[in-house]
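Here is the naming used below: chain letters follow the sequence lines, and residue numbers restart at 1 for every chain.
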Amino acid sequence: MDLSKIITNPDKLFYPADLIFKKDVIAYYYLMADHILPYISNRPFVMNRFPDGIAGKSFYQKEIPAYAPNFLNKVAIWHEKEKKWVNYPYVAHKEALLWLVNQGVIELHCWLSEVPQIENPDILVFDLDPEPPLSFQDCLPVALLLREVLLKLGLEAWPKTSGKEGMHLFVPIEPKYGFKDTTRAAFNLCRLILKAYPEKVTLERVIKKRTGKVYLDYLQNSRGRTMVFPYSLRPLPKAPVSTPLLWEEVTKGEISPAEFNIKTIWERVKKYGDLWSNFHRRRYDIKPLLELM
DNA sequence: GCCGAGT
DNA sequence: ACTCGGCAACGCCTG
DNA sequence: CAGGCG
Ligand SMILES: [Mn+2]
Ligand SMILES: [Mn+2]
């Protein structure tokens with residue numbers, strides 16, 4: 001791979017307050033690629049682009065640019081409302097990832113399904129969004145209860161920080177259901193959590209009704225929605241990283257998401273490697289969740 | 001980051 | 001030669 | 001139905 005053919009403007013300032021340059025973002029993804037690719041490979045990718053850094057104008061882009069190189073793959077996805085096909089890029093190797101990063105992509109936003117089975121998600125997600133002034137700490141007991149119930153039903157959840165204040169649990173599933181099924185499965189479990197923790201969580205879609213609660217955003221499992229994937233940088237001061245966690249850390253609660261960032265993450269990766277390295281060893285059937293009534 | 005339309 | 005706008009809807013839920 | 005939401 002010839003980086004000099006892929007990278008432009010390496011000295012552009014991307015995180016002004018932290019003196020983090022475009023070349024630092026490129027280097028981060030170059031060095032982290034082996035930990036990232038197992039999770040994002042072959043997933044339809046939505047580009048959230050910051051060509052002038054996090055303080056500049058940003059935009060989302062689904063359609064792969066006409067000028068993209070052949071080594072960036074694409075997949076046509078039907079958009080029902082617009083009645084048209086949209087060609088999404090998907091990453092299959094490091095070179096493709098770095099090309100996207102050079103385009104100003106800072107965050108890794110991917111579908112929960114993989115090519116070619118794009119209509120069958122292989123991840124079920126539990127998206128914990130603490131409504132301010134709640135914070136990451138308030139997600140912890142909710143995440144633990146989710147894990148406990150999932151284990152009782154025979155499913156395994158993998159925790160990470162979102163990089164902001166929230167938390168994500170990913171459950172690897174067999175890609176044999178549709179998005180409506182996985183969304184229903186997530187809803188069923190979230191409804192159970194609401195029953196157990198009515199003071200802590202909410203399923204309300206109207207923001208004004210969420211005050212003081214953690215929003216369990218089960219709709220994040222719908223078709224066309226994306227999630228931030230493991231080891232994604234976030235476009236926030238200090239360049240926080242969406243960081244895989246030990247359940248022991250979730251239990252102890254002595255961590256905060258801001259401590260995992262582009263500068264500090266390497267010490268953690270050296271100590272633990274990829275904490276999700278066994279994520280793909282087993283996939284689960286969501287049937288027990290569909291039967292929760 | 002790059003293209004294309006307008007000036 | 002230069003500037004400037006565009007680059008994203010999807011699909012669900014609520015009232 | 002229009003509008004909110006992520
Ligand atoms: Mn979230
Ligand atoms: Mn959310």
Side-chain angles (χ1 to χ4, degrees), chain A residues 5-14 21-23 25-26 43-69 72 74-89 96-113 118-119 121 125-132 162-168 178-188 190-191 194 202-211 213-229 232 234-235 242:
Chain A
K5 289 206 172 88
I6 295 179
I7 306 310
T8 55
N9 291 316
D11 294 318
K12 190 178 272 197
L13 193 48
F14 259 33
F21 295 84
K22 186 177 180 185
K23 61 190 171 193
V25 173
I26 299 279
R43 299 184 183 279
F45 193 104
V46 173
M47 296 168 278
N48 185 13
R49 297 177 55 189
F50 298 78
D52 296 310
I54 67 168
K57 271 211 163 58
S58 71
F59 56 93
Y60 285 90
Q61 190 171 13
K62 294 177 178 174
E63 180 79 37
I64 189 171
Y67 56 83
L72 181 63
K74 54 175 176 268
V75 56
I77 297 182
W78 180 250
H79 283 201
E80 180 59 32
K81 203 181 281 180
E82 279 235 321
K83 304 282 182 210
K84 69 171 187 185
W85 294 93
V86 174
N87 299 300
Y88 284 65
L97 172 61
L98 293 177
W99 187 85
L100 289 172
V101 175
N102 187 62
Q103 289 295 301
V105 168
I106 289 178
E107 299 187 292
L108 309 173
H109 285 279
C110 296
W111 276 40
L112 297 174
S113 60
I118 57 169
E119 300 301 338
V125 66
F126 293 91
D127 177 23
L128 285 61
D129 293 334
E131 186 66 19
S162 77
K164 300 188 175 178
E165 286 299 320
M167 188 179 310
H168 299 153
F179 287 98
K180 287 191 173 145
D181 304 311
T182 55
T183 303
R184 165 62 58 175
F187 172 68
N188 286 350
C190 290
R191 198 181 37 184
L194 175 64
T202 176
L203 307 188
E204 285 290 347
R205 272 169 47 89
V206 176
I207 292 177
K208 285 184 174 181
K209 296 184 181 174
R210 292 182 196 164
T211 45
K213 310 270 179 66
V214 172
Y215 175 47
L216 285 178
D217 186 6
Y218 64 93
L219 288 169
Q220 209 62 48
N221 291 282
S222 317
R223 187 182 190 274
R225 306 276 292 263
T226 58
M227 285 298 290
V228 166
F229 268 65
S232 175
R234 306 307 304 269
S242 180

Give the rounded distance in Å between these two atoms: [atom1] of [X] and [atom2] of [N].
X	N	atom1	atom2	result
A:Lys164	D:dG6	NZ	P	11 Å
A:Trp78	C:dA9	CH2	P	14 Å
A:Asn48	D:dG6	CG	C1'	13 Å
A:Leu216	D:dG6	CG	C1'	14 Å
A:Ile64	B:dC2	CD1	P	14 Å
A:Lys57	C:dC7	NZ	P	14 Å
A:Lys83	C:dG11	NZ	P	10 Å
A:Trp111	C:dA9	CH2	P	14 Å

Using a 4.0 Å heavy-atom cut-off, does [X] contact any base of the nucleic acid, only the sugar-phosphate backbone, or nothing at all?
X	value
A:Arg184	nothing
A:Lys22	sugar-phosphate
A:Lys84	sugar-phosphate

Checklist entry - Would you call A:Asp217 and A:Arg225 a salt bridge, taking side-chain N to carboxylate O under 4.0 Å as the test? => result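 A salt bridge links A:Asp217 with A:Arg225.
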Checklist entry - Is the closest basic N to carboxylate O distance between A:Asp52 and A:Lys12 below 4.0 Å? => result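 Between A:Lys12 and A:Asp52 there is a salt bridge, with a charged N closer than 4.0 Å to a carboxylate O.
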Establish, with yes or no, whether the OP1 or OP2 oxygen of [N] is under 4.0 angstrom from a side-chain nitrogen or oxygen of [X].
X	N	value
A:Asn102	B:dG1	no
A:Lys209	C:dG15	yes
A:Lys180	C:dC12	yes
A:Lys12	B:dG1	yes
A:His79	C:dA9	no
A:Lys81	C:dA8	no

Item to check | Interatomic distance at C1', C:dA8 relative to D:dC5, whole Å | outcome: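 It comes out at 14 Å once rounded to the nearest Å.
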Next on the checklist: Taking the P atom in each of C:dG6 and D:dG6, what is the distance between them to the nearest angstrom?
Outcome noted: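 Those two atoms are separated by 25 Å.
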Closest to the [X] side chain, choosing from [options]:
X	options	answer
A:Tyr60	C:dA9, D:dG6, C:dA8	C:dA8
A:Glu80	C:dG11, B:dG1, C:dC13	C:dG11
A:Gln61	C:dA8, D:dG6, C:dG15	C:dA8
A:Gln220	D:dG6, B:dG1, C:dA8	D:dG6
A:Tyr67	B:dC3, C:dA8, D:dG6	B:dC3
A:Val206	C:dT14, B:dG1, D:dG6	C:dT14

Item to check | A:Phe187 vs A:Leu203 side-chain heavy atoms within contact, under 4.5 Å | outcome: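 Yes; the side chains approach each other to less than 4.5 Å.
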Checklist entry - Does A:Gln61 reach the main-chain N or O of A:Asn48 with its side chain, forming a donor-acceptor pair under 3.5 Å? => result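 Not at all, since once roles are kept as given, no pair shorter than 3.5 Å links the two residues.
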Checklist entry - Just by modelled atom types, is the A:Arg234 backbone N or O under 3.5 Å from a matching donor or acceptor in the A:Lys164 side chain? => result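 Absent.
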Next on the checklist: Ignoring hydrogens and geometry beyond distance, is the side chain of A:Arg223 in donor-acceptor contact with the base of C:dG11 at under 3.5 Å?
Outcome noted: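 Answer no: no donor N or O sits under 3.5 Å from an acceptor.
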Next on the checklist: For A:Lys74, I'd like to know if atom NZ has over 12 heavy atoms of other residues, nucleotides or ligands within 6.0 Å.
Outcome noted: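 Counting neighbours around NZ of A:Lys74, 12 or fewer heavy atoms of other residues, nucleotides or ligands fall under 6.0 Å, so no.
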